[in-house]
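First comes the structure, then the notes that go with it.
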2 protein chains.
Amino acid sequence: MSKPVFLGLIAAMLGLGLLAVACGGDGNGGNGGGDGVLNDIAAQRGLTPEDMKHALQQFVPPGKYDDYVMFSSGGHSGQLLVVGMPSMRILKQIAVFTPEPWQGYGYGADWGDKVLKEGNREGTDLTWGDTHHPAISETAGEYDGRWIYIQDRANGRMAMIDLADLRVKQIVAVPNIQTSHGGMFVTPNSEYVHVSSKFPMPWPPGTYADVSEYKEKFRGASTWLKIDQATGRINLKESFQVEIPPYTQDLADAGKKVSEGFGFIGSFNTEMATGGVDAEGKPEPLEAGASKNNFDFLHVVNWKKGEEVVKAGKAEEMNGIKVIRLDTAIKEGVLHLIPEPKSPHGADVDPSGRYIVVGGKLDPNVTIFDFNKVKQAIDSKDYEGKDVFGVPILKFDSVVAAQVEVGAGPLHTQFDSQGHGYTSMFLASAIAKFTLGEDVVKTGEEPFKRIETIPVHYNIGHLATAEGDTVSPDDNYMVALNKWSIDRFAPLGPLHPQNFQLIDLKGGNGPMELLADMPIGMGEPHYTQIMKADKLKALEVYLPGTDALTMERSEFAIEAGQEKVERDGNHVEAWMTAQRSHFTPDILRVKQGEHVMLHITNIEQTRDATHGFAIADYNIQASLEPGETATFEFTADKPGAYNFYCTEFCSALHLEMAGWLLVEPSAAAAANP
Amino acid sequence: MSKPVFLGLIAAMLGLGLLAVACGGDGNGGNGGGDGVLNDIAAQRGLTPEDMKHALQQFVPPGKYDDYVMFSSGGHSGQLLVVGMPSMRILKQIAVFTPEPWQGYGYGADWGDKVLKEGNREGTDLTWGDTHHPAISETAGEYDGRWIYIQDRANGRMAMIDLADLRVKQIVAVPNIQTSHGGMFVTPNSEYVHVSSKFPMPWPPGTYADVSEYKEKFRGASTWLKIDQATGRINLKESFQVEIPPYTQDLADAGKKVSEGFGFIGSFNTEMATGGVDAEGKPEPLEAGASKNNFDFLHVVNWKKGEEVVKAGKAEEMNGIKVIRLDTAIKEGVLHLIPEPKSPHGADVDPSGRYIVVGGKLDPNVTIFDFNKVKQAIDSKDYEGKDVFGVPILKFDSVVAAQVEVGAGPLHTQFDSQGHGYTSMFLASAIAKFTLGEDVVKTGEEPFKRIETIPVHYNIGHLATAEGDTVSPDDNYMVALNKWSIDRFAPLGPLHPQNFQLIDLKGGNGPMELLADMPIGMGEPHYTQIMKADKLKALEVYLPGTDALTMERSEFAIEAGQEKVERDGNHVEAWMTAQRSHFTPDILRVKQGEHVMLHITNIEQTRDATHGFAIADYNIQASLEPGETATFEFTADKPGAYNFYCTEFCSALHLEMAGWLLVEPSAAAAANP
């Protein structure tokens, strides 16, 4: 810039009163720094002009709110993270599949113990999960902020979190699948939430089969879980499954608008490799065996047709859920396949519902299918043949819209509202931006063309745009979920955090710009959805005496003054209250071996006036929110004087909020100490 | 500012080439925004000039490191958080007392299962803790970055985390205490780490007593745990305890410099109230009973004297640790008391070691004791009398240096190197800054005087300055650990996050300035220590075949090509390797009911090349870092074909990194399915 122009600009800025702001002086001496303070800070901290810009783009001042909340799976932490955007501050970790004592989840309070128990499988207490795909409930294809669903990739389960209180309310051990991936996604009006099997299992479930009988005896399932519109809970009786071939089904997405009524599931391992490295006479590991074919199959499931098939009584009941067997699914046109190259992973539907973008990890292109062509091919039975299980395969050339070369290792694609796709590339550690078809491109750019690429650091898996899975994405922010973070943060030992990178999309019209890194050192988030923050309308306190599981008044709720202890033979039952700064009663006397039930009501209605309840050495810990009633049930098997106390810093006399569980030794114990 | 001066400044800035920076233009058009871009962003995002400044003070650009790492207790999450400062990004959550599957802690791998088992008490599996006070190891009174210790306030335990790999290596069930607070702190050369009881328990431990015999039969203990200088582990045989009265001992700090060799423990409830609200004929809850006295007692423990007493054979062995009984402690001059007002909480030693600052929750002053006077009073037996247990009480007036009125609810105090104390005030939701004695005040300010107060949001507990517990605090940053966060963040349900607020100390010379809010929604951090980031020298990978517990080569480590499966009767043992992108072997055949041991070595030496190992429905999940060998031991009690897989996204073919555990049904099971 020439000096005269620069000076002219300064004059203009003076006129607008802007320079004082730009230079950090407010003209009133109120910032304690005077003019040039921004420069001084930048110089002192080694910030470049770019850094200064990015700082201002990310910073959310004290007491101000973020524009978005991001719901991010925690991966094998088993939990769900709520992250503010653009600040990228972690607002909350919601316990889902893993017991978590801060939230009092799984440490003796009935709410969490019941939810976790419900999620056990095959007689095993499952105390972790591998959360993969969060799915916010939708209305008319828009996130509606009511509930969020997430599946357990390790154990074939899924969970429902109520966004009224950000607590998990239900874990469903999904019948007939052992592991899960397949979305999860909700249908555009939250009729169903979908989850399908990852690796198949011996069918019919409950039978045993060796992997040598993989093709014959192993099967997967595409599961459509019916959502109760009042509570958000899954109603298994109204749900159904579609039996699918023993490939490895993978990412999935819901059709929307023109493709509403359909779901799309990527797959790999149509080779049906089962491993056997250095053994089994097949000296190749599973990953080599599973990567031979040039094409695997995108599964196209017509769920509205599936509903009809179930209604017509053509489904079998298997372990508590209606199953459309594979032969029925083929016969009734519920399931079709589309060839997808190579070692495919992502399958994502654009906001218009017309384009389905597939990324093949070992193919430098994204492949874009046109749903209009898919529909036509299905209707006209334009098949190239059938797979070994008899499922019709649509002709690739009949349904493809385009292939766009993006780079090495394309995985997942997100969208803006301007007709662009953004594809993550694991091998290239980059994101490519490209155009979709001319019917949706609003920028005048050439359709089906790569526009630009931005590097990320490093090894990106998923990515997400704000409101990205809705019919109307916002076009401002994108987050890259990077798996590796070598040298990005202080040395934290051999186990590195992940790295969320915040990227500015500039309304879809400018070059992508990296704003900030955010370490995630408490799990490996797999996928995330980003919702406008004002759609989150959580409760501030519970109504007095609320059972957090049912959200209704607990039968054990009491008011102040109603506290009591009752005994019946070997059973001691106490109705207690908690309020700043005491429990009532605060001395509980029982005898060793007695069965104890404590019903504690936090009788506060003040926001944030949470009380904890812990008993030393009894492994009991709960978080009792204002208005909440919880029940603890245990056997007082250990004699002693056990201190109980409020674990949540509630008041100036919080440390004094304590009491005693006195477990008198039984005569036998006293005689033989 | 007048216009001429302002224009003069502009001219000066032009000369220095600064304005282009201040206004965000780099003069090369490289930022894509042009001049005024900072203003534009600020205007668009509603940032004030102050906000702009704070954004620049906090922002750490992508790929750049934070200056400090903050080790923050997770409170009743049971974990330890590592937070970067000034960015306030959570770098890692280290699992300590609570099983955590991302780190594979407590889900079948031998490292974590052994550590957790070691920490069980009284036959109960304890799967959570209430972490309170992290204590970084010190050399010559400076954090040295070797190890960090933290205690479990709920269950009378403590843990050692090795900062070489940021993993917990030892949990000690501390004998003779049931709950803990009392620091914890290390002595200035990490000879000991101290923890004392919170509420007392019946003594001798193992006997039963009712709270009606509280004064006679309940006792606490001040515990001096000996640190092995090679491994950082606690050696209980070389440790000792001092029996203390059944008050409720609370915050504690180590003497340093002039007071080295001493420890100071605050207490409350010298009333020895045990509660009994609406019962027991004492219609007052514990917190009212415990808040009657105008003074409680600061405990002064001479640990060097204690060492000598133990060496002289005057301690009793009780449950595996040497105990200096209360009468011996009195007789030998190991324990003295100082009256401290009112409902005291914090007890903090300044960097010079001379001043001990006490905050009384119900007293608007901080009380500052002078160690020189304390020493003199002890030496001259200048007592005002003895407590009911015969412990000598020093005269308040003889040992006090000053009282400074700070405001409502003072709790904890931190220091800078300029002679200032900073005290958190829970009731006032504020931090007061005041001067200590003239011997340490370097600013020319009047000694023992309140300088200023800054509001925080809300209900602050602890606070921490950078390098704050060392003999030489840095004077730049302070963090307020606020317990309540009403309206500070998006609505997150009845359970609110905590709020860490970052405050600029300006070298101790300027007014305190609030920079940023940071929600903590995964626990309730109690206290934190902040260390220069470059003191953290963690490993990047393990040496090949390392056992993470011992840090030595595992007897089960193998190299590629050495994989094998051995059977011996009912026992199946496999030596496996993991590397991108397969396990070898990847098919494991066992029979139902067989005992299985899997030794898996991650044979990679590439940084961040972690592999997970999970088995569906068997509740097994581990994180195998590069170079690590881990062992899994379980009974294959459930028949079926169980998929196992790598849970950490390791490579483009990560999804294919899987295999099968085939558990053939036993004949009996097959006959009666």
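Letters go in sequence order (proteins before strands), and every chain restarts at 1.
- The part of Leu515(B) that comes within reach of chain A is its backbone (N, CA, C, O), which places non-hydrogen atoms under 4.5 angstrom from that chain.
- In this structure, NE2 on His76(B) lies 4.0 Å from OG1 on Thr647(A), to the nearest 0.5 angstrom.
- Only the side chain of Ser291(A) comes within contact range of chain B, with heavy atoms under 4.5 Å apart.
- The shortest distance between side-chain heavy atoms of Thr584(B) and Pro285(A) does not fall below 4.5 Å.
- For the set Asn459(B), Val541(B), Val69(B), Ile90(B), the entry with the most heavy-atom pairs within less than 4.5 Å of chain A is Ile90(B).
- A distance of 11.0 Å separates CG in Leu286(B) from NE2 in His582(A), rounded to the nearest 0.5 Å.
- Interface residue Asp125(B): only backbone heavy atoms are found under 4.5 Å from chain A.
- Neither the backbone nor the side chain of Glu628(A) comes within less than 4.5 Å of any heavy atom of chain B.
- Both the backbone and the side chain of Glu524(A) come within less than 4.5 Å of a heavy atom in chain B.
- You'll find the side chain of Leu655(A) reaches within 4.5 Å of the side chain of Lys361(B), heavy atoms only.
- For a residue to count as touching a neighbouring chain, one of its non-hydrogen atoms must lie under 4.5 Å from one of that chain's; by this rule Leu427(A) touches chain B with the side chain only.
- Distance check: Leu662(B) CG to Asp210(A) CG gives 5.0 Å after rounding to the nearest 0.5 Å.
- Counting heavy-atom pairs closer than 4.5 Å to chain A, the top residue among Pro511(B), Ala290(B), Gly523(B) is Gly523(B).
- Considering only heavy atoms from C-beta on, Thr610(B) stays 4.5 Å or farther from His496(A) through its side chain.
- Using a 4.0 Å cut-off between charged side-chain N and carboxylate O, Arg607(B) and Asp487(A) make a salt bridge.
- Contacts between His54(A) and chain B at a heavy-atom distance below 4.5 Å involve backbone atoms as well as side-chain atoms.
- Between the CZ atom of Arg45(B) and the CG atom of Leu56(A) there is a distance of 8.0 Å, given to the nearest 0.5 Å.
- Contact annotation for Asp66(A): neither backbone nor side-chain heavy atoms come within less than 4.5 Å of a heavy atom of chain B.
- When heavy atoms are compared at a cutoff of 4.5 Å, Ser581(B) approaches chain A by way of both its backbone and its side chain.
- Contact annotation for Ser485(B): both backbone and side-chain heavy atoms come within less than 4.5 Å of a heavy atom of chain A.
- Using a 4.5 Å cut-off between heavy atoms, Phe59(A) touches chain B through backbone and side chain atoms alike.
- The contact between Phe649(B) and chain A is made by backbone and side chain atoms together, counting heavy-atom distances below 4.5 Å.
- Interface remark: Ile41(A) contributes side-chain atoms only to the contact with chain B (heavy atom separation under 4.5 Å).
- Interface remark: Tyr642(B) contributes backbone and side-chain atoms alike to the contact with chain A (heavy atom separation under 4.5 Å).
- The part of Trp660(B) that comes within reach of chain A is its side chain, from C-beta onward, which places non-hydrogen atoms under 4.5 angstrom from that chain.
- For a residue to count as touching a neighbouring chain, one of its non-hydrogen atoms must lie under 4.5 Å from one of that chain's; by this rule Gln58(B) touches chain A with backbone and side chain alike.
- Side-chain atoms of Phe489(B) and Val82(A), non-hydrogen and from C-beta on, never get closer than 4.5 Å to each other.
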Inset, instruction - Verify side-chain contact (heavy atoms from CB on, under 4.5 Å) between Thr124(A) and Asp617(B), making sure each step is shown before the conclusion. - result: CA-CA 7 Å; Thr124(A) 299; Asp617(B) 285 343; 5.8 Å; no

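- The shortest distance between side-chain heavy atoms of Leu495(B) and Leu166(A) does not fall below 4.5 Å.
- Side-chain contact between Arg89(A) and Asp517(B) is present, with at least one heavy-atom pair separated by less than 4.5 Å.
- A donor-acceptor pair under 3.5 Å is formed between the side chain of Lys92(B) and the backbone N or O of Leu492(A).
- Among the candidates Lys483(B), Arg167(B), Lys537(B), Lys198(B), the residue making the largest number of heavy-atom pairs closer than 4.5 Å to chain A is Lys483(B).
- Annotation: Phe199(B) is not in aromatic contact with Tyr645(A) [ring centroid separation under 6.0 Å not met].
- For Ser77(B), the parts sitting under 4.5 Å from any heavy atom of chain A are the backbone and the side chain alike.
- Annotation: side chain of Leu47(B) is in contact with side chain of Pro61(A) (closest heavy-atom distance under 4.5 Å).
- Rounding to the nearest 0.5 Å places CG of Asn643(B) at 11.0 Å from CE of Met201(A).
- The minimum heavy-atom distance linking Asp165(B) with Pro494(A) is given by the pair CB-CD, 3.7 Å.
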